[in-house]
Trainee: 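Submitted below is the structure of interest, expressed as structure tokens.
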Amino acid sequence: MPILHYLHQLQNCAKHRSIVSTKQLHAHFIKLGVTQFLALSNTLLNVYGKCSLLQDALQLFDEMPQRDHVSWATFLTTQNQANLPDKTLSIFPAMFSIDRLLPDDFVFASLVKACGSLGAIKQGKQVHGNFLVSPYFDDDVVKSSLVDMYAKCGLPDDSRLVFDSIKLKNMASWTAIIYGYARKGRKEEALELFVRVPLKNLFAWTALISGLIQSGNGVDAFGLFVKMRRQGISIIDPLVLSSIVGASANLAMLELGKQVHGLVIQLGYESCVFISNALVDMYAKCSDMSAARGVFSRMSRRDVVSWTSIIVGAAQHGQAEEALSLYDNMILNGVEPNEVTFVGLIYACSHVGLVNRGRELFKSMVEDYGIHPSLQHYTCLLDLLGRSGHLEEAESVINLMPFKPDEPTWAALLSACKQYRNAKMAIKFADHLFSLKPEEPSTYILLSNTYASSGLWEHASKARHLLESLEVRKEPGYSYIYFGKENQMFYAGETSHPMKDEIFGLLNELDVEMRRRGYVPDTSYILHNTDHQEKERQLFWHSERLAVAYGLLKSVPGTVIRIVKNLRVCGDCHTVLKLISDIVQREIVVRDAKRYHHFKGGKCSCNDFW
DNA sequence: CCCAATGTAC
């Protein structure tokens, strides 16, 4: 049977993703006049999808003289596989309106998957409803897709309802439900189900581990990863590694990240683009830009994520020129930038006050690449304009843009007003900020100082008053320091550390030298309303200073001191860290809640804007 | 002949 023979050949093409053979076969079918056999065209459609030949798939589908359920299911799947779930949903209505066909189980599964990828819960529930009243209402595959959809939409309880209705639970449904709970940080339930999985394969482990990482439980995830390795699960698919690399990045644990990198090399996955992308990002987040550049330069193939990762990394570490020249290289290499790339680029410009270049990039993003600017893009642009003193222009951008600025954006503009002594504008911005009912204590300090400097004492005291009635920081400040295999955590005001005396002695010594150089503690950053001396004492015990002192005492001389802080560095600590970096001639890198600071020789890479 | 599970940059 020649048709069966051709089907077999096509399946081979799909397996090996052989584009040339597929096109040859297609030409052959046309010549033989066998394209009216639906099975043949449908399979061909499938192969085009698998080979990522979207244009060919679309043309074939469009030109098919008749289409059946299989044609539709296959075509919708090509859209899902090409990461175009919105297309899946927008094309589907034509199934009825043009071909008079109702969805079958295969089509339902594709639609549900598309809703899950989009997080489109409203449409997802509609599809679910239609599925329940269809003849396929009991299909287990569609049900496992539904479990996955609710998991991806962050509704594990809805997942569970569907999951419990599945008679014969397959691995996909187990994986999906575990992922759903893990992703929401519901560890107990995720683990409880994991214990019950009949086959604990790599998929199940990956779902559990990556879900936990996405909910910020990186430490638990690492524990499980080690357990998985010990149980001899072989990593035949590198996806779990990208999650684990990402967890090292989130925790900013450089040593851990290096170990994971070693494992990646050992398992032979360094040549995998998305793994290397994750490594570049990890080194950047761990503030080791030279390692990030190393991985990036060794990559034989780089996609838009690779370039964007290194650009954003350079931008966040204050290396604006590097970010911009990387962008030029990216364009020369024929890689098209996307919305994330431009966030990094405009951010880079704002760091060094390259106003014209930033404006050009913003314009180019819209005009050359057709990207609709998001609030984040406007925030970067406003930051750029504010920092460089173009306050009127910033105001007109605010009036023209289709978003309302958020609290940090108003705060950044307000700081810019202070810097450029524009009291009139400051009051305007402050009023907007005030009406947002800010939650960040430092915002009240900024507000109060702004009003006070303009003689608006009543407003100033109102802001101070609100601040004092505000619950003092829900989260206590802490800093981590890592070097070698050691890591230590310091809380603000901590006085029980075994090396407390040495730390206190060193900080005192440094304090004397700093004051000799003209340092005066800026106590306006202290929230409690206590006397001046007490405020100075509190500043003295801020966690980043304890961590730096510990680092100076214990780390190898000359090495970079790396610190991760949960909150933002206060203005006084920023001054102090600059001074310390100069006094002891050491580079200090602090990753705070907002950005990176490289203190070196009395200067900071953030250019004192943060 | 077609459907379901794990992933990287803001």
Side-chain angles (χ1 to χ4, degrees), chain A residues 3-4 6-8 10-11 14 37-47 49 68-78 80-81 103-113 116 136 139-149 151-152 166 170-180 182-183 201-211 213-214 237-246 249 272-282 284-285 303-313 315-316 337-347 374-377 379-380:
Chain A
I3 298 291
L4 273 180
Y6 291 136
L7 282 178
H8 185 74
L10 281 172
Q11 266 144 14
F37 290 101
L38 267 175
L40 220 47
S41 292
N42 289 343
T43 308
L44 188 59
L45 190 57
N46 180 37
V47 183
D68 63 359
H69 286 94
V70 180
S71 326
W72 275 96
T74 309
F75 184 68
L76 295 179
T77 302
T78 62
N80 278 344
Q81 282 167 349
D104 67 356
D105 45 346
F106 284 81
V107 171
F108 273 122
S110 295
L111 293 175
V112 169
K113 185 183 160 74
Y136 309 95
D139 183 86
D140 280 350
V141 173
V142 179
K143 284 188 197 170
S144 21
S145 320
L146 283 164
V147 174
D148 179 57
M149 179 195 80
K152 289 207 172 89
I166 299 176
N170 52 23
M171 273 315 289
S173 51
W174 279 106
T175 310
I177 188 87
I178 290 168
Y179 177 71
R183 223 188 70 116
N201 61 10
L202 181 65
F203 270 154
W205 279 101
T206 306
L208 180 63
I209 290 169
S210 67
I213 289 168
Q214 281 173 36
D237 181 312
L239 279 155
V240 68
L241 294 175
S242 63
S243 289
I244 278 292
V245 172
C272 204
V273 178
F274 73 86
I275 295 288
S276 277
N277 290 348
L279 285 169
V280 169
D281 177 58
M282 181 274 290
K285 288 219 166 77
D303 63 11
V304 61
V305 178
S306 328
W307 287 98
T308 303
S309 301
I310 191 87
I311 287 172
V312 168
Q316 288 181 329
N338 65 18
E339 66 283 1
V340 187
T341 319
F342 283 103
V343 170
L345 290 169
I346 302 169
Y347 185 85
S374 66
L375 174 60
Q376 209 179 359
H377 293 114
T379 303
C380 290

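Throughout, a chain's letter reflects where its sequence line sits, starting with A, and its residues are numbered from 1.
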Trainee: Looking for any heavy atom pair under 4.0 Å, which part of the strands does A:Thr175 touch: base, sugar-phosphate only, or nothing?
Mentor: base
Trainee: Please classify the nucleic acid contact of A:Asp139 as base, sugar-phosphate, or nothing, using heavy-atom distances under 4.0 Å.
Mentor: nothing
Trainee: Which residues pass the side-chain hydrogen bond (donor to acceptor under 3.5 Å, both in side chains) test with A:Asn277, sequence neighbours left out?
Mentor: A:Asp303, A:Ser306
Trainee: Report the C-alpha separation of A:Asp148 and A:Ser145 in whole Å, then their side-chain angles, then the decisive distance to 0.1 Å, and conclude whether the side-chain hydrogen bond (donor to acceptor under 3.5 Å, both in side chains) test is met.
Mentor: CA-CA 5 Å; A:Asp148 179 57; A:Ser145 320; over 6 Å; no
Trainee: Mind checking if A:Ser145 touches a base, just sugar-phosphate, or nothing, with heavy atoms under 4.0 Å?
Mentor: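 Sugar-phosphate contact only - A:Ser145 comes under 4.0 Å of backbone atoms but never of a base.
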Trainee: Over all strands shown, is A:Ser144 touching base, sugar-phosphate only, or nothing at heavy-atom distances under 4.0 angstrom?
Mentor: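 Counting heavy atoms under 4.0 Å across all strands, the contact made by A:Ser144 includes a base.
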Trainee: How would you label the contact of A:Glu339 with the nucleic acid (heavy atoms, under 4.0 Å): base, sugar-phosphate, or nothing?
Mentor: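 A:Glu339: no heavy atom of the nucleic acid under 4.0 Å.
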Trainee: Contact class for A:Ser242 vs. all strands (heavy atom < 4.0 Å): base, sugar-phosphate, or nothing?
Mentor: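 Since only primed, P, OP1 and OP2 atoms lie under 4.0 Å of A:Ser242, the category is sugar-phosphate.
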Trainee: Mind checking A:Asp281 for me? I need base, sugar-phosphate or nothing, with any heavy atom below 4.0 Å counting as a touch.
Mentor: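 Sugar-phosphate: the residue A:Asp281, judged by heavy atoms under 4.0 Å, touches backbone atoms but no base.
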Trainee: Select base, sugar-phosphate, or nothing to describe what A:Gln316 touches, counting heavy atoms under 4.0 Å on all strands.
Mentor: nothing
Trainee: A:Tyr179: what forms a ring pair (Phe, Tyr, Trp, His ring centres under 6.0 Å) with it, not counting sequence neighbours?
Mentor: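 Residues passing ring pair (Phe, Tyr, Trp, His ring centres under 6.0 Å) with A:Tyr179: none at all.
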Trainee: Atom OG1 in A:Thr308, atom CG in A:Asp281: separation rounded to 0.5 Å?
Mentor: 11.0 Å
Trainee: What residues, two or more places apart in sequence or in another chain, satisfy side-chain contact (heavy atoms from CB on, under 4.5 Å) together with A:Glu339?
Mentor: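 With neighbours one apart ignored, the set is A:Ile371, A:His377.
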Trainee: Shoot me the first and last contacting nucleotide of DNA chain B against chain A, ordered 5' to 3', at under 4.0 angstrom to non-hydrogen atoms.
Mentor: B:dC1 to B:dC10
Trainee: Select base, sugar-phosphate, or nothing to describe what A:Asn338 touches, counting heavy atoms under 4.0 Å on all strands.
Mentor: base
Trainee: Which residues pass the salt bridge (Lys or Arg N to Asp or Glu O under 4.0 Å) test with A:Lys113, sequence neighbours left out?
Mentor: none
Trainee: Determine the contact category for A:Tyr179: base if any of its heavy atoms lies under 4.0 Å from a base atom, sugar-phosphate if only primed atoms, P, OP1 or OP2 are that close, otherwise nothing.
Mentor: sugar-phosphate
Trainee: side-chain hydrogen bond (donor to acceptor under 3.5 Å, both in side chains) with A:Asn201: which residues, sequence neighbours excluded?
Mentor: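 Expected list: none.
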Trainee: Touch check for A:Asp104, heavy atoms < 4.0 angstrom, all strands: base, sugar-phosphate only, or nothing?
Mentor: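 The residue A:Asp104 makes no contact with any strand.
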Trainee: Contact class for A:Val312 vs. all strands (heavy atom < 4.0 Å): base, sugar-phosphate, or nothing?
Mentor: sugar-phosphate
